[in-house]
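Okay, structure first, notes after.
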Amino acid sequence: AGALAGAQASADGARLAAAARAALAEADPDGLRLAGLLVKKLRFERLLAGAPALRAALDADPAALVARFRRYDAAVPARTRWPREEAGDFAAFEAAEATRTARRSGPPPGRPP
């Protein structure tokens, strides 16, 4: 439902031409979901190809790496088809996420803000 809802929301925006909106309205919801899953799978594989260290993370804790990837995929639009650039985007996202988490948690106990 997420891929379909997102595509339909995009179709409602002014960024798509009328013909594209009409085609999207006629798209099979299951086909659209399947296409979305294939795109995510290819993006995940591209990330692993660009960051070999993530293969060890996948072997160690697949669920944790998949959760990290899902957050990244939801927050960062795909912009490249090159593995190293995808890995760089992922690393930048994780660094920014770590900074946001540190800011929310505040200073350690006993240390002034």
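Keep in mind that what you see is a predicted model, and the values were worked out from it rather than measured.
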Residues two or more places apart in sequence or in another chain: which of them pass side-chain hydrogen bond (donor to acceptor under 3.5 Å, both in side chains) with [X]?
X     : value
Arg81 : none
Arg68 : Glu94
Arg71 : Glu97
Asp59 : none

Between CG on residue Leu65 and CG on residue Leu47, distance to nearest 0.5 Å: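 Taking CG in Leu65 and CG in Leu47, the distance rounds to 7.0 Å.
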Residue pairs, two or more places apart or on separate chains, that pass salt bridge (Lys or Arg N to Asp or Glu O under 4.0 Å) and touch residues 39-50: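 Of all non-adjacent pairs touching residues 39-50, those that pass salt bridge (Lys or Arg N to Asp or Glu O under 4.0 Å) are Lys40-Asp73, Lys41-Glu45, Arg43-Asp73, Arg43-Glu86, Arg46-Glu86.
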Leu34: hydrophobic cluster co-members (side-chain, 4.5 Å):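 Leu38, which link up through side-chain heavy atoms under 4.5 Å apart, make up the rest of the cluster.
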Qualifying ring-ring contact (aromatic ring centres under 6.0 Å, His included) pairs, either residue in residues 17-41, two or more places apart: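 Every pair satisfying ring-ring contact (aromatic ring centres under 6.0 Å, His included) with a residue in residues 17-41: there are none.
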Inter- and intrachain pairs under ring-ring contact (aromatic ring centres under 6.0 Å, His included), touching residues 30-57, at least two apart: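 Those involving residues 30-57 are Phe44-Phe69.
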Ala51 versus Ala87, closest heavy-atom pair with distance: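 Smallest interatomic distance, heavy atoms only, reads CB-CB, 3.7 Å.
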Partners passing side chain to side chain contact (heavy atoms under 4.5 Å, CB included) against Val39 (at least two apart in sequence or in another chain):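 Listed in chain order: nothing, the list is empty.
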For Phe90, ring pair (Phe, Tyr, Trp, His ring centres under 6.0 Å) partners two or more places apart: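 Here the qualifying residues are Tyr72.
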